Amino acid sequence: MTIRSDIVYVARWWASPGEYKPWPEELVFFFEEAGTEIVPTLAEAKKTLATLGSGAFVGGGIRHWCGIFACHVLHYAGVDVSWTPHGGRMKGKSGYQIQYVPGDRNIRPGDVAVVPKAHHHFVVTAIDYDNNQLESVDGNTTGQYIRQRDKKIRYSWKDGPDYASRNIYGYYRVLV
């Protein structure tokens with residue numbers, strides 16, 4: 001197996017059988033595994049999952065954990081990355097493991113895409129440019145779930161007034 005296939009496997013495993021709500025200990029683990037500067041306490045994670053629709057209580061504030069989940073998946077599959085919650089981005093810890101690429105061209109399964117709507121990050125698990133379709137696994141969705149989703153690569157005005165906020169504006173390309 002390659003790193004990319006490992007990333008897809010790990011992401012789909014978390015979303016099996018289509019959605020999964022993590023336990024408080026797992027939410028803390030995502031932050032730890034992603035190497036974030038600040039990690040929720042177990043009490044904060046329990047409060048998060050019991051009271052918030054999305055986001056996580058961390059150190060007196062609320063942080064979205066979609067990118068943290070994606071970073072955890074990459075790290076667990078063997079990519080040397082960490083997450084910077086204060087900047088909301090992924091970074092390679094050693095060498096050239098990932099590269100941020102603007103736009104939506106040449107995305108491959110295992111890459112992490114970003115859309116403007118809430119600066120949302122997700123793991124791409126399948127992509128079909130010919131049919132404008134992709135499959136993803138998204139953390140921090142409504143109700144604190146990890147979900148497998150089918151999406152368009154590019155949305156148009158015909159898809160509703162918020163179509164532009166759902167278009168991919170960049171992605172983290174896995175280089176290993």
Side-chain angles (χ1 to χ4, degrees), residues 3-24 26-36 40 45 48-49 51-58 62-77 79 81-85 87-90 98 100-104 107-129 131-155 159-160 162-174:
I3 292 274
R4 284 184 178 280
S5 59
D6 289 347
I7 293 167
V8 170
Y9 175 82
V10 170
R12 286 180 175 160
W13 183 87
W14 275 111
S16 181
E19 67 178 19
Y20 175 76
K21 186 170 186 172
W23 291 88
E26 292 168 329
L27 185 60
V28 170
F29 177 66
F30 297 154
F31 279 77
E32 291 172 343
E33 187 79 4
T36 62
T48 291
L49 296 172
T51 62
L52 289 179
S54 66
F57 291 111
V58 184
I62 296 176
R63 304 271 183 211
H64 291 283
W65 56 272
C66 54
I68 291 164
F69 171 74
C71 189
H72 152 75
V73 168
L74 268 62
H75 187 261
Y76 195 85
V79 182
V81 295
S82 64
W83 183 259
T84 309
R89 65 179 188 274
M90 202 176 303
I98 60 167
Y100 181 77
V101 179
D104 63 11
I107 298 173
R108 295 173 50 201
D111 290 335
V112 175
V114 187
V115 296
K117 191 171 189 170
H119 195 63
H120 184 65
H121 294 68
F122 53 86
V123 178
V124 175
T125 53
I127 193 157
D128 179 354
Y129 279 100
N131 292 304
N132 192 34
Q133 296 292 313
L134 70 79
E135 174 190 282
S136 68
V137 172
D138 302 40
N140 193 41
T141 67
T142 303
Q144 300 290 353
Y145 281 86
I146 300 164
R147 288 190 168 95
Q148 187 168 337
R149 293 182 161 167
D150 293 319
K151 303 175 177 156
K152 292 182 179 182
I153 300 166
R154 291 182 205 98
Y155 291 87
D159 297 307
D162 69 338
Y163 76 93
S165 69
R166 294 186 285 160
N167 284 328
I168 295 168
Y169 70 80
Y171 65 99
Y172 292 93
R173 175 180 289 148
V174 175

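Fair warning: this is a prediction, and the values are worked out from it, not measured in the lab.
Atom OH of residue Tyr169 and atom NE2 of residue His119 lie 4.0 Å apart, to the nearest 0.5 angstrom. Taken to the nearest 0.5 Å, the OG1 atom of Thr142 stands 11.0 Å off from the OH atom of Tyr145. Atom CG of residue Asp150 and atom CG of residue Leu134 lie 8.5 Å apart, to the nearest 0.5 angstrom. Residue Ile68 holds its CD1 atom at 14.0 Å from NE2 of His75, rounded to the nearest 0.5 Å. From Ile153, atom CD1 reaches atom CG of Asp128 across 7.0 Å, with rounding to the nearest 0.5 Å. Arg4 CZ to Thr125 OG1: the interatomic distance, rounded to the nearest 0.5 Å, is 12.5 Å.
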Residues Arg154, Asp104; criterion salt bridge (Lys or Arg N to Asp or Glu O under 4.0 Å); working and verdict: CA-CA 8 Å; Arg154 291 182 205 98; Asp104 63 11; 2.9 Å; yes

Derivation of the side chain to side chain contact (heavy atoms under 4.5 Å, CB included) call for Val114 and Ile168: CA-CA 6 Å; Val114 187; Ile168 295 168; 6.0 Å; no

Test salt bridge (Lys or Arg N to Asp or Glu O under 4.0 Å) applied to Glu135 and Arg12, step by step: CA-CA 10 Å; Glu135 174 190 282; Arg12 286 180 175 160; 2.6 Å; yes

Criterion side chain to side chain contact (heavy atoms under 4.5 Å, CB included) on Arg166 and Asp159, from CA distance to verdict: CA-CA 10 Å; Arg166 294 186 285 160; Asp159 297 307; 3.5 Å; yes

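The two residues Ser82 and Gly35 come nearest to each other via the heavy atoms CB-O, 4.1 Å. Pro109 and Ala126 get closest at one heavy-atom pair: CG-CA, 4.1 Å. Taking each heavy atom of Pro116 and Ala164 in turn, the nearest pair found is CG-O, 3.9 Å. Trp23 and Glu26 get closest at one heavy-atom pair: N-OE1, 2.7 Å. Annotation for Gly139 and Cys66: closest pair O-CB, 3.3 Å, computed over non-hydrogen atoms. Considering all non-hydrogen atoms of both residues, Ala11 and Val123 come closest at CB-CG1, 4.0 Å.
Between Tyr172 and Arg89 the shortest side-chain heavy-atom distance falls below 4.5 Å. Put simply, the side chain of Ile62 reaches to within 4.5 Å of the side chain of Phe57, judged on heavy atoms. For the pair Val137 and Ile146, the minimum side-chain heavy-atom distance is below 4.5 Å. Phe30 has its side chain out of reach of Glu32: every pair of non-hydrogen atoms, C-beta onward, lies at least 4.5 Å apart. Considering only heavy atoms from C-beta on, Val124 stays 4.5 Å or farther from Val112 through its side chain. Taking 4.5 Å as the limit, every side-chain heavy atom of Cys71 sits out of range of all side-chain heavy atoms of Phe31. Within the 4.5 Å cutoff, side-chain heavy atoms of Phe122 are placed close to those of Val115. Between Tyr129 and Ile107, some side-chain heavy-atom pair lies under the 4.5 Å cut-off.
Ion pairing of Lys117 with Asp162 is present here, as a side-chain N (NZ or NE/NH1/NH2) and a carboxylate O approach within less than 4.0 Å. Between Asp138 and Lys151 there is a salt bridge, since at least one side-chain N of the basic residue sits less than 4.0 Å from a carboxylate O of the acidic one.
Between the side chains of Arg147 and Thr141, at least one donor N or O lies within less than 3.5 Å of an accepting N or O. Using a 3.5 Å distance cut-off with no hydrogens or angles, the side chains of Trp83 and His72 do not pair a donor with an acceptor.
In this structure a side-chain-to-backbone donor-acceptor pair under 3.5 Å is present from Asp111 to Arg108. Checking side-chain atoms of Tyr9 against main-chain N and O of Ala77 turns up no donor-acceptor pair under 3.5 Å. Looking at Tyr155, its side chain does come within 3.5 Å of a backbone N or O of Lys152 through a donor-acceptor pair. Using modelled atom types, one side-chain atom of Gln144 and one backbone atom of Gly55 make a donor-acceptor pair closer than 3.5 Å. For the pair Ser54 (side chain) and Asn140 (backbone), a donor-acceptor distance under 3.5 Å is absent.
Shown here is Tyr76, whose OH atom has no more than 12 heavy atoms of other residues, nucleotides or ligands within 6.0 Å.
Ring orientation note: the planes of Trp14 and Tyr20 are tilted relative to one another, at an angle of 30° to 60°.
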